[in-house]
Amino acid sequence: MLEITNLSHTYGSGPSAHNALGGINLKVAQGELVCIVGPSGCGKSTLLRSIAGLLRPSGGQVTLNGAQVEQTPDNLAVVFQDYSRSLFPWMSVVDNVSLPLRRKGMDKRQRGQAAMEALEEVGLDGAAAKYPWQLSGGMQQRVSIARALAYRPALLLMDEPFGSVDAQTREDLEDLTLRVRNLHNMTIVLITHDIDESVYVGDRVVVLSKAPAGIVGDLRVDLPGPRDQITTREHPDFVHLRAEVGRLVRGMRSPSPSTS
Amino acid sequence: MLEITNLSHTYGSGPSAHNALGGINLKVAQGELVCIVGPSGCGKSTLLRSIAGLLRPSGGQVTLNGAQVEQTPDNLAVVFQDYSRSLFPWMSVVDNVSLPLRRKGMDKRQRGQAAMEALEEVGLDGAAAKYPWQLSGGMQQRVSIARALAYRPALLLMDEPFGSVDAQTREDLEDLTLRVRNLHNMTIVLITHDIDESVYVGDRVVVLSKAPAGIVGDLRVDLPGPRDQITTREHPDFVHLRAEVGRLVRGMRSPSPSTS
Amino acid sequence: MTRHNPLDNRLLCGALGVAGLFCVMEVAGRTGLIDPLVFPLASTVLGRATALVTDGEFLSDVASTLGAWALGLLLTVALAVPAGFLLGSLPRVESALRPILEFLRPIPSIALIPLALAVFSDRFDMKVTLIVYAATWPVLINTMYGLKDVDPLAKETLRSFGFGKSAVLWRVSLPSTAPFIATGVRLASAIALIVAISAELLGGGAQGIGSYVLESGGSADAVEYIIAAAIWAGIIGVITNGLFVLAERRIFRWHTARTEVV
Amino acid sequence: GGSDKSTDTTAANADGLEKTQIKIGALPIPDSAALYIAKDKGYFKDEGLTVTIEPVVGGAQAQQSLIGGSLDATQTNYVSAFLAVAAGNKMKIISDLYQAAPNSFNLMVPKDSSIKTPADLKGKKIAVNSKKNIGTLAVTSVLKTHGLTEADVQFLEFPFPEMGAQLANKVVDAAWMTEPALTAVQKNLGAQKLADTMVDSTADFPIAGVVVMESFATENPKTVAAFQRAIAKAQQISATDRKAVEQILPTYTKIDAATAAVITLGSFPTSLDETRLQRVADLMVEQGYLKSPIQAKTLLPGNLG
Amino acid sequence: MNGLLRGVVRLWPVPVVLLLWELITRGIEMLSFPPPSQIATSMYTMWLTGPAERLWLTDAALTNIPVSIGRLLAGWVLAGVVGIVLGVALGRSPLLFRFIDPLVQFARAIPPPMLLTFFMALLAIGPRMQISFIAFGIVWPILINASEGARQVDRQHLDTARVFGLSSGERLFRIILPSAMPKIFAGLRVSLSLALILMVLSELVGSTDGIGFQLLDAQRSYDFSGVWGTIVVLGILGYVFNSAFLAAERRVLSWHRSAKQTT
Ligand SMILES: Nc1ncnc2c1ncn2[C@@H]1O[C@H](COP(=O)(O)OP(=O)(O)OP(=O)(O)O)[C@@H](O)[C@H]1O
Ligand SMILES: Nc1ncnc2c1ncn2[C@@H]1O[C@H](COP(=O)(O)OP(=O)(O)OP(=O)(O)O)[C@@H](O)[C@H]1O
Ligand SMILES: [Mg+2]
Ligand SMILES: [Mg+2]
């Protein structure tokens with residue numbers, strides 16, 4: 001479904017240029033959930049923005065269902081890393097969630113209902129009438145997740161979507177994502193820093209190296225489904241995979257914070 | 001050093017009022033590192049803002065070294081949850097870090113040097129001349145950590161400071177925080193969602209309940225120092241404490257994301 | 001990777017736009033849509049305007065107007081920006097002074113010219129005062145609006161490091177308000193030019209673009225002179241605005257980089 | 001403000017003048033020809049005066065400049081001067097400059113206008129350069145002789161150069177005009193003369209002179225006298241030598257030599273005559289411009305109060 | 001009631017300034033600067049000595065003030081519509097901007113008194129010409145602010161809109177306009193005061209009614225308390241308009257104020 005060929009990107013030009021992506025090749029099949037992990041600043045968000053057509057890469061190309069991505073493709077949703085700035089402060093929470101649903105040809109009532117359902121699923125039905133700036137960080141993040149899930153996109157891109165919530169909510173949101181994916185056969189690319197999470201939710205885990213980002217590992221996660229927070233995490237394959245991913249990420253790290 | 005008595009806060013008024021803090025009592029000793037955990041949206045950031053004197057609480061009071069906090073107290077640093085908005089887009093990274101040092105009576109050269117050292121410690125010496133909006137999310141977060149640490153405050157407040165970085169960097173930053181705390185005898189209040197982290201870095205872990213937030217647990221962490229990412233985490237007390245905290249957080253969760 | 005799309009050239013596009021308007025006016029005149037007797041042909045006016053370039057008298061008039069403009073604008077900024085900060089950061093003072101300011105603001109500087117004539121023994125001073133009076137408002141208002149737009153978290157960051165009010169003002173409020181102020185100054189710059197010329201036009205005087213128009217007032221084709229001078233006023237406006245924009249782009253790269261259309 | 005602030009109040013020089021630097025306001029119209037002739041021919045210099053002539057917009061504005069002190073003297077029309085004095089301003093007329101001649105101020109109508117005599121103006125719109133001024137005064141007296149009053153018409157203010165356009169656009173039905181616009185509308189638009197407004201009670205009507213603040217006149221009697229002598233010489237030339245006027249016009253107005261040669265000029269009186277001025281004041285009283293009579297002689301220097 | 005009282009109390013600087021002004025003008029005794037008491041008297045006779053059944057308004061008040069306000073508001077609304085539409089278009093289309101911007105900068109630097117010549121030539125004098133003249137003269141702050149506001153939408157907001165495939169209409173009405181609103185309002189507010197100025201100007205030449213006409217009339221008659229009276233009326237009108245505008249703004253931009261509030 002999604003095919004990335006030789007994708008590279010350089011920010012700026014001249015001596016201050018920064019080569020963020022150095023020729024990435026990646027195929028994602030329909031209905032697959034691919035997790036991307038890699039050190040901070042390696043180029044994960046850049047990759048995601050290229051897939052979303054928000055950034056014109058310096059080289060290579062992204063094709064989606066055979067067509068090259070030039071503009072932002074249809075039927076796509078993104079949960080941005082900087083979620084608080086991606087919510088519109090002049091709209092209430094429920095309006096923020098229902099806004100994209102206009103494209104789905106729903107009428108006002110349907111939109112409101114779908115938005116309320118999505119908010120309920122992330123545990124925010126009580127905050128529907130509030131404005132984003134009246135919410136805590138984690139609640140804002142959940143609004144942007146609800147917005148993306150309510151949209152039921154064919155391709156969902158998530159950039160560290162569960163970073164600001166507590167452990168229990170995080171697990172619930174992981175399960176919610178898996179459930180929605182299965183129900184609607186979505187393709188998902190999810191960036192995360194949590195190696196356990198990447199193995200738990202992913203069908204595949206792709207490990208990126210430090211700048212310029214390249215793929216240093218692409219592990220298939222063959223855990224028995226349906227996944228479960230307790231049994232899956234205790235599964236020997238899980239423990240093995242997570243150690244493997246950990247090793248890959250660690251090995252690829254570049255100038256580490258000084259440990260003097 | 002820090003004493004919080006009966007602190008309560010309500011946002012707004014009338015029917016849409018939201019009672020975020022419901023009478024919190026807490027004492028933090030000089031040099032202590034207290035971790036605060038609690039469900040998303042319970043009021044952790046609100047508590048932190050009250051301590052920083054950025055929010056006038058509806059009731060109760062905060063005293064610091066015997067004096068009531070009315071204004072922002074001296075010799076304080078904060079790492080905000082919404083770190084990207086707390087960096088100044090019109091200044092380079094190194095200027096962002098060195099700005100607060102003006103208050104320390106350092107001259108320009110000293111400030112630059114201290115800022116560069118701090119950036120090095122968080123692994124960002126290469127990005128000193130860039131602007132915040134040219135950095136990735138995790139890098140921005142590290143800039144704001146570097147800024148706080150370079151300042152060497154007597155009291156350091158951190159609101160989910162390591163949420164956007166990869167696992168390895170996170171561990172390095174945890175150790176960095178502990179090291180700087182020991183060197184300069186700082187008092188630190190750290191909000192986190194990672195229960196392991198709270199036990200690993202904290203001298204105490206305080207668990208808050210869902211709105212209105214109250215303290216449901218206050219656990220002393222008596223792990224042998226100096227802490228170490230591998231041995232400490234394997235220590236039986238660590239495993240025990242983390243399970244304890246996990247139970248407390250889970251127990252106090254309110255309307256959970258639907259798990260149908 | 002360098003593309004040479006002519007449409008990327010600002011100057012070329014601008015020139016095309018101007019030429020387009022010129023042609024429309026000329027055609028309107030030639031087809032009688034606008035009676036050339038009532039309003040001269042674009043080409044006639046252009047000829048007249050071009051001839052002014054070699055008119056030493058006109059050039060010294062332009063210099064004199066620009067002198068008042070520059071001084072007036074400088075004083076405006078020196079006055080309105082601090083005032084905007086004062087009013088924006090001291091709500092009590094603002095609410096006390098608001099009735100007076102809001103009363104003064106809509107009073108046309110042009111209606112004040114006869115009164116100003118009776119007060120000032122020097123026309124230059126009078127011009128500059130009127131310029132400051134009229135140009136202050138956009139700078140003041142933009143400063144106050146910009147101040148309201150400062151990200152509170154940025155302010156809190158500095159406050160949390162123990163910086164005082166003035167430091168927050170100087171290091172956060174000023175830089176993040178600066179783009180707003182710049183827009184205000186850009187608006188004010190045109191107003192200053194307008195007021196300078198209007199004051200010459202309605203108050204008399206020996207020097208200035210307005211006086212030049214005044215001197216030609218007795219001529220049979222005075223309208224041509226008025227329009228030719230108006231064209232020069234417009235051109236000066238385009239040039240000064242261009243300079244301001246250029247400066248803004250340099251100074252506020254941090255602002256445009258995050259927001260501008262790519 | 002006040003005249004105390006005016007420029008360079010030098011102590012008595014060789015001629016005993018109180019003040020040698022004078023700034024005078026003038027309109028760029030034929031009325032002020034003598035000022036420029038006096039400057040051009042060096043008559044001011046002969047009297048020890050250095051005179052700067054600054055363009056002004058109109059009588060009212062120029063008088064405000066006198067009060068403020070940016071001008072020492074100014075050309076003004078007499079109607080404005082009397083109105084200003086009646087309002088309480090203390091001013092003196094020190095020289096006469098211009099006087100109406102036949103066909104120097106005409107009411108014009110468009111080429112194909114249905115208005116044939118001033119009596120047809122009932123309910124019509126008339127353009128004048130300034131309301132409550134010499135134009136309305138003169139037009140009203142023409143209307144009176146045709147059985148109409150001021151209330152029968154509507155006066156609209158337009159600058160002289162724009163009146164042609166307003167006639168052509170039928171915004172106004174008639175326009176009260178003077179040179180050079182008068183010639184221009186005849187030539188360009190074929191506009192026609194409806195009436196000469198300077199006949200009967202306004203025949204040879206005094207139009208414009210030079211005024212100063214009363215305080216200026218009392219403080220600088222010798223300077224005023226020197227100024228008057230210089231103007232008198234220049235008026236003598238203007239009155240007798242049309243060529244001299246035609247030559248000076250292009251130097252301070254944008255009237256070219258060819259136009260200057262054909263336009264109708266008023267006359268240039270060589271003395272300041274109180275009885276002539278009194279006609280203006282009386283007509284103004286008659287038409288209600290002034291509430292109470294004014295003695296013209298109180299406006300001449302030497303008659304204080 | 002409480003709010004009203006507070007509103008009145010807030011006006012305390014007004015009497016203070018009036019008193020000072022009275023003392024100063026009495027002190028300097030200049031004809032062109034009559035004391036406020038005299039101005040008040042002349043305002044009263046000018047506008048408030050009519051018959052009781054018309055609320056004591058005189059003919060002058062009833063003919064001049066409403067027509068002026070009508071022209072002013074018509075011009076302002078016209079300028080608002082044109083300014084916002086064109087400004088947002090310029091702000092969002094770099095190409096259009098490159099073509100039109102010099103003309104915009106050119107046009108807004110032309111002094112209105114000179115512009116009047118042009119407008120009188122284009123449109124015969126009358127309300128049509130006056131309204132378009134006012135609109136033309138005041139459109140610039142709205143246009144420039146709107147284009148600036150539309151250009152400087154937070155890129156994250158636009159990316160979000162693009163990602164969710166919002167149509168261009170939704171992008172415009174739900175993202176760009178709301179983000180540009182604060183700036184647009186700043187422009188509208190500046191223009192409202194400018195409109196008053198342009199209204200006066202448009203009534204100075206060739207008009208037969210309006211506040212500007214009355215101002216001119218007073219000037220021509222050397223009636224300085226009349227001149228000041230009209231100036232005061234302009235000030236009062238400006239104050240009233242501005243207060244009404246601010247009230248509207250507070251409603252429309254409530255999200256903006258709260259979102260930007262320091263806690
Ligand atoms: N400005 C505000 N206006 C109204 N309500 C607010 C405001 N700020 C916060 N709240 C409410 O107060 C509660 C606590 O918010 P707070 O930011 O302290 O939560 P938190 O514990 O930091 O959560 P998180 O872990 O998600 O950041 C939330 O329910 C939120 O909706
Ligand atoms: N607008 C920009 N201009 C210049 N450099 C940029 C810009 N945006 C990103 N970069 C650089 O590109 C690199 C990759 O950034 P990116 O945001 O893709 O990282 P990331 O993998 O998402 O990191 P994180 O996990 O910290 O979010 C970083 O080194 C950053 O400094
Ligand atoms: Mg990222
Ligand atoms: Mg929080």
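Each chain gets a letter, A, B and so on, in the order the sequences are listed, and its residues count up from 1. As a basis for the values below, the full set of heavy atoms in this structure was taken, side chains included, without hydrogen atoms, waters or symmetry mates.
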Taking every non-hydrogen pair under 4.5 Å, which of E:A109, E:G235, E:A195 racks up the most with chain C? E:G235
E:I144 portion near chain C, given a 4.5 angstrom heavy-atom threshold: side chain
Name the atoms and distances for all side-chain donor-acceptor pairs under 3.5 Å in residues 193-203 of chain C, with sequence neighbours left out.
{"from": "C:S198", "atom 1": "OG", "to": "C:I194", "atom 2": "O", "distance (Å)": "2.7"}
{"from": "C:E200", "atom 1": "OE1", "to": "C:T65", "atom 2": "OG1", "distance (Å)": "3.3"}
{"from": "C:E200", "atom 1": "OE1", "to": "C:I209", "atom 2": "N", "distance (Å)": "3.0"}
{"from": "C:E200", "atom 1": "OE1", "to": "C:G210", "atom 2": "N", "distance (Å)": "2.7"}
{"from": "C:E200", "atom 1": "OE2", "to": "C:T65", "atom 2": "OG1", "distance (Å)": "3.0"}
{"from": "C:E200", "atom 1": "OE2", "to": "C:K127", "atom 2": "NZ", "distance (Å)": "2.7"}

Can you measure from CZ (C:R186) to CZ (E:R108) and round to the nearest 0.5 angstrom? 6.5 Å
Is it the backbone or the side chain of E:I100 that comes under 4.5 Å from a heavy atom of chain C, or both, or neither? neither
Restricting to side-chain hydrogen bond (donor to acceptor under 3.5 Å, both in side chains), what partner residues turn up for E:D159, sequence neighbours left out? A:R49
Decide yes or no on side chain to side chain contact (heavy atoms under 4.5 Å, CB included) for C:W137 and E:V190, but give the supporting numbers first. CA-CA 8 Å; C:W137 306 115; E:V190 171; over 6 Å; no
May I ask you to name which of E:D101, E:L103, E:I110 has the most heavy-atom pairs under 4.5 Å with chain C? E:L103
Side chain / backbone / both / neither for C:L187 at chain E, heavy atoms under 4.5 Å: both
C:I141 versus chain E, the contacting section by heavy-atom distance below 4.5 Å: side chain
Let's test your reading of the structure: which of C:G237, C:P99, C:A233 forms the most heavy-atom pairs below 4.5 Å with chain E? C:P99
Examine whether an atom of E:V232 lies under 4.5 Å from a heavy atom of chain C, and if so say whether it belongs to the side chain, the backbone or both; otherwise answer neither. both
Go through it in stages, so that I can follow the logic: the residues are C:I239 and E:Q105, the test is side chain to side chain contact (heavy atoms under 4.5 Å, CB included), and I'd like the CA-CA distance, side-chain angles, deciding distance and then a yes or no. CA-CA 9 Å; C:I239 293 173; E:Q105 304 310 334; over 6 Å; no
I'd like to check E:I231 versus C:L112 (side-chain heavy atoms, cut-off strictly below 4.5 Å). Are they in contact? yes
What part of E:F241 is in contact with chain C, defined as an atom under 4.5 angstrom from a non-hydrogen atom: side chain, backbone, both or neither? neither
Do C:R98 and E:L246 have side-chain heavy atoms sitting under 4.5 Å apart? yes
Output for pair (C:F180 CZ, E:Q152 CD), nearest 0.5 Å, gives 7.5 Å
Contact part of E:L115 toward chain C, heavy-atom cut-off under 4.5 Å: side chain, backbone, both or neither? neither
E:V17 versus chain C, heavy atoms under 4.5 Å apart: side chain, backbone, both or neither? side chain
Between atom CG of C:L101 and atom OH of E:Y239, what is the distance when rounded to the nearest 0.5 Å? 10.5 Å
Flag the pair E:F106 / C:V18 as yes when at least one side-chain heavy-atom distance between them is below 4.5 Å, and no otherwise. no
With a 4.5 Å cut-off on side-chain heavy atoms, are C:R105 and E:N242 touching? yes
Tell me, side chain or backbone of C:I236 under 4.5 Å from chain E's heavy atoms, or both, or neither? neither
Atom pair OH/CG of C:Y145 and E:N145 - distance to nearest 0.5 Å: 9.5 Å
pair E:I236-C:F103: side-chain heavy atoms closer than 4.5 Å: yes
Pairwise distance NZ(E:K183) to OG1(C:T183) - rounded to 0.5 angstrom: 4.0 Å
Out of curiosity, E:I197 CD1 to C:I107 CD1, how far, rounded to the nearest 0.5 Å? 9.5 Å
Which heavy atom of C:L115 sits nearest a heavy atom of E:F33, and at what distance? O-CZ, 3.8 Å
